[in-house]
2 protein chains.
Amino acid sequence: MSTGLPSRDDLIGALSWKMRRLSGETVLFHQAIADRLGINPTDLKCLDLASGPEPVTAGRLAEVSGLTSGAITGVINRLEKAGLVERQPDPDDRRKVIIAVRPDVPMTVMGLFGSMSHSMLELCSRYEEHELALVLDFVSRAADTMHAEAIKLQEKPEKQEKTERPEKTEGAEKPEKAEKTGKPTVDA
Amino acid sequence: MSTGLPSRDDLIGALSWKMRRLSGETVLFHQAIADRLGINPTDLKCLDLASGPEPVTAGRLAEVSGLTSGAITGVINRLEKAGLVERQPDPDDRRKVIIAVRPDVPMTVMGLFGSMSHSMLELCSRYEEHELALVLDFVSRAADTMHAEAIKLQEKPEKQEKTERPEKTEGAEKPEKAEKTGKPTVDA
DNA sequence: TATCTTAGCTTAGGAAGTAAGATACTAGGA
DNA sequence: TCCTAGTATCTTACTTCCTAAGCTAAGATA
């Protein structure tokens, strides 16, 4: 308001706001992709996890996605129904089920991401290499920070610098759940 | 592998990977905050929307969150049960319900975000102002790009540069849902 | 062979969403 | 004033997708 140039604090405030917005928009974008494929975002995440170079079993998928085996059965059923993957028996261990992504699916998904990746390339073309390197450095450290802070919050569910919540005035007294209760989305 | 210095393409590839990771970590972080408050991420988002300078009604909350009025009733019930907000009658229009965030809640939430914001300040302190300005510029444009691309995907559910999906080999033939079917999270 | 472990599926139950309708209130004429 | 239309929230029925626990088939071990 006074100098015309943003102060360092203004910059940092704006940056954290924009980063939050970017995150929200990213979620929305993936939701849109999933809608186009006729699946939900959890399924899309699993499809992505299954699209790596080496074959993945249902159990492995449960492990990396953080879902239970029952949930993964549902995910695979939906992906199979949508024609995106196939269940294949593992010849070495007949208990296992290999999730084979249909060969044309990577191209399909690439097609959906196509406009996006074009736009991102265009965005990047506006910057010098050393500038991109700087952004990469920042984003990379920010991701590490976010991860560390999430872990911190998860690991010590006890007092957090004395920020006491007051008692509820009336009615149902059970604020102590704070555990996996319902329907989380994929987290890995 | 050859020059030792990353190429421009390598940079861009790494950047898009790290941005994706950042987005995932952000979601996880907010999940952790919500867990600590004993609510779900949708509720946290609504609490945030209700925490602005001016009072918000249930209907307004439904509008900005993209949820139905029925869903908002559930959100408010949970937030009220957790002792985070109160329903207050609007003196001017007795149909309306004002969602009043309890006065101590902003501090409580600040407490939870405290370590995070400290770490982010520390991260920012490693950079010059012009560097922060550059990152802000990039992130800001990236968010706009993401938004535009999500809209694009939502708006023309027809052909997308001829990336045809093949017919399913057998079983239930109904790949044409691609609409709001189930249980989205807050999107605004 | 008998038993333990592992992998995936099935089932029961719960959380949280939508859509549609009920309820209560406001507002605008006749 | 009374009737009617519109608005704001809540309620109900139903759907989706998750967890937890149990089941079955297959591999591993003694």
Side-chain angles (χ1 to χ4, degrees), chain A residues 31 34-35 38-46 50 55-82 85-100 174 177-188, chain B residues 31 34-35 38-46 50 55-82 85-99 172 174 177-188:
Chain A
Q31 172 74 250
D35 283 349
I39 57 180
N40 68 45
T42 301
D43 299 344
L44 177 59
K45 180 78 183 182
C46 289
V56 173
T57 64
R60 174 68 186 151
L61 206 49
E63 205 176 315
V64 296
S65 70
L67 295 173
T68 58
S69 71
I72 286 296
T73 298
V75 168
I76 299 172
N77 287 345
R78 291 188 296 272
L79 289 177
E80 207 170 28
K81 184 173 284 185
V85 305
E86 265 177 355
R87 281 183 167 89
Q88 285 178 354
D90 184 332
D92 298 332
D93 185 341
R94 282 184 299 165
R95 291 169 305 178
K96 294 186 180 176
V97 166
I98 294 178
I99 311 308
K174 42 169 192 171
K177 40 203 287 280
E179 284 309 309
K180 268 191 175 332
T181 54
K183 185 191 319 302
T185 49
V186 156
D187 56 358
Chain B
Q31 172 75 253
D35 283 349
I39 57 180
N40 68 46
T42 299
D43 299 344
L44 177 59
K45 181 76 183 184
C46 289
V56 174
T57 64
R60 174 69 186 148
L61 206 49
E63 206 175 314
V64 296
S65 70
L67 295 172
T68 59
S69 71
I72 287 297
T73 297
V75 168
I76 300 172
N77 287 344
R78 290 189 297 272
L79 289 177
E80 206 170 29
K81 185 173 282 185
V85 305
E86 264 177 356
R87 280 183 168 89
Q88 285 178 353
D90 184 332
D92 299 332
D93 184 340
R94 283 184 298 167
R95 291 169 304 178
K96 294 186 180 177
V97 168
I98 293 177
I99 312 308
K174 41 170 193 172
K177 40 204 285 281
E179 285 310 309
K180 268 192 172 335
T181 54
K183 188 188 320 301
T185 48
V186 157
D187 56 359

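What's counted below: heavy atoms across the whole structure, side chains too, no hydrogens, waters or symmetry copies. Numbers restart at 1 for each chain; the letters A, B, ... are given by sequence-line order, proteins then strands.
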Hey, does the side chain of [X] come within less than 4.0 Å of [N]'s phosphate (OP1/OP2), counting only N and O?
{"X": "B:Asn40", "N": "C:dA16", "value": "yes"}
{"X": "A:Arg87", "N": "C:dC9", "value": "yes"}
{"X": "A:Ser69", "N": "C:dC9", "value": "no"}

inquiry  = I need the residues from residues 91-98 of chain B with at least one non-hydrogen atom less than 4.0 Å from DNA chain D; give them sorted by number, or say none.
reply    =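 Going residue by residue through residues 91-98 of chain B, the ones with a heavy atom under 4.0 Å of DNA chain D turn out to be B:Arg95, B:Lys96, B:Val97.
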ask   = Which of these passes side chain to side chain contact (heavy atoms under 4.5 Å, CB included) with A:Val75: A:Ile99, A:Asn40, A:Asp43?
value =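 It is A:Asp43, the one option of A:Ile99, A:Asn40, A:Asp43 that forms the side chain to side chain contact (heavy atoms under 4.5 Å, CB included) with A:Val75.
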Provide, to the nearest angstrom, the distance between the [atom1] atom belonging to [X] and the [atom2] atom belonging to [N].
{"X": "B:Asp90", "N": "C:dT26", "atom1": "CG", "atom2": "C1'", "answer": "12 Å"}
{"X": "A:Leu79", "N": "C:dG8", "atom1": "CG", "atom2": "C1'", "answer": "16 Å"}
{"X": "A:Lys81", "N": "D:dC17", "atom1": "NZ", "atom2": "P", "answer": "10 Å"}
{"X": "A:Ile72", "N": "D:dA20", "atom1": "CD1", "atom2": "P", "answer": "14 Å"}
{"X": "A:Asn77", "N": "D:dT16", "atom1": "CG", "atom2": "P", "answer": "14 Å"}
{"X": "B:Leu67", "N": "C:dA19", "atom1": "CG", "atom2": "C1'", "answer": "14 Å"}
{"X": "A:Ile76", "N": "D:dC18", "atom1": "CD1", "atom2": "P", "answer": "12 Å"}
{"X": "A:Arg78", "N": "C:dC9", "atom1": "CZ", "atom2": "P", "answer": "13 Å"}

Are side-chain heavy atoms of [X] and [Y] found at a separation under 4.5 Å?
{"X": "B:Lys81", "Y": "B:Ile39", "answer": "no"}
{"X": "A:Cys46", "Y": "A:Leu67", "answer": "yes"}
{"X": "B:Arg87", "Y": "B:Asn77", "answer": "yes"}

ask   = What is the distance from atom CD of B:Glu86 to atom CG of B:Leu79, rounded to the nearest 0.5 Å?
value =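 If we round to the nearest 0.5 Å, B:Glu86:CD and B:Leu79:CG are 12.5 Å apart.
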key: Angle of first-five versus last-five pair axes in the helix from C:dT1-D:dA30 to C:dA30-D:dT1, to 10 degrees   =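 Inter-axis angle at the ends, rounded: 10°.
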Closest contact, heavy atoms only, [X] versus [Y]:
{"X": "B:Pro55", "Y": "B:Ile98", "answer": "CB-CG2, 3.9 Å"}
{"X": "B:Arg95", "Y": "B:Asp93", "answer": "NH2-OD2, 2.7 Å"}
{"X": "B:Ser65", "Y": "B:Ile72", "answer": "OG-CD1, 3.6 Å"}
{"X": "B:Ala50", "Y": "B:Val56", "answer": "CA-CG2, 4.2 Å"}

task = Identify whether any heavy atom of A:Ala58 sits under 4.0 Å from a base atom; if not, whether one sits that close to sugar-phosphate; answer base, sugar-phosphate or nothing.
result =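 Answer is sugar-phosphate: A:Ala58 comes under 4.0 Å of backbone atoms only.
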ask   = Under 4.0 angstrom, heavy atoms only, what part of the nucleic acid is A:Gly59 near: base, sugar-phosphate, or nothing?
value =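 A:Gly59: backbone/sugar contact only, no base atoms under 4.0 Å.
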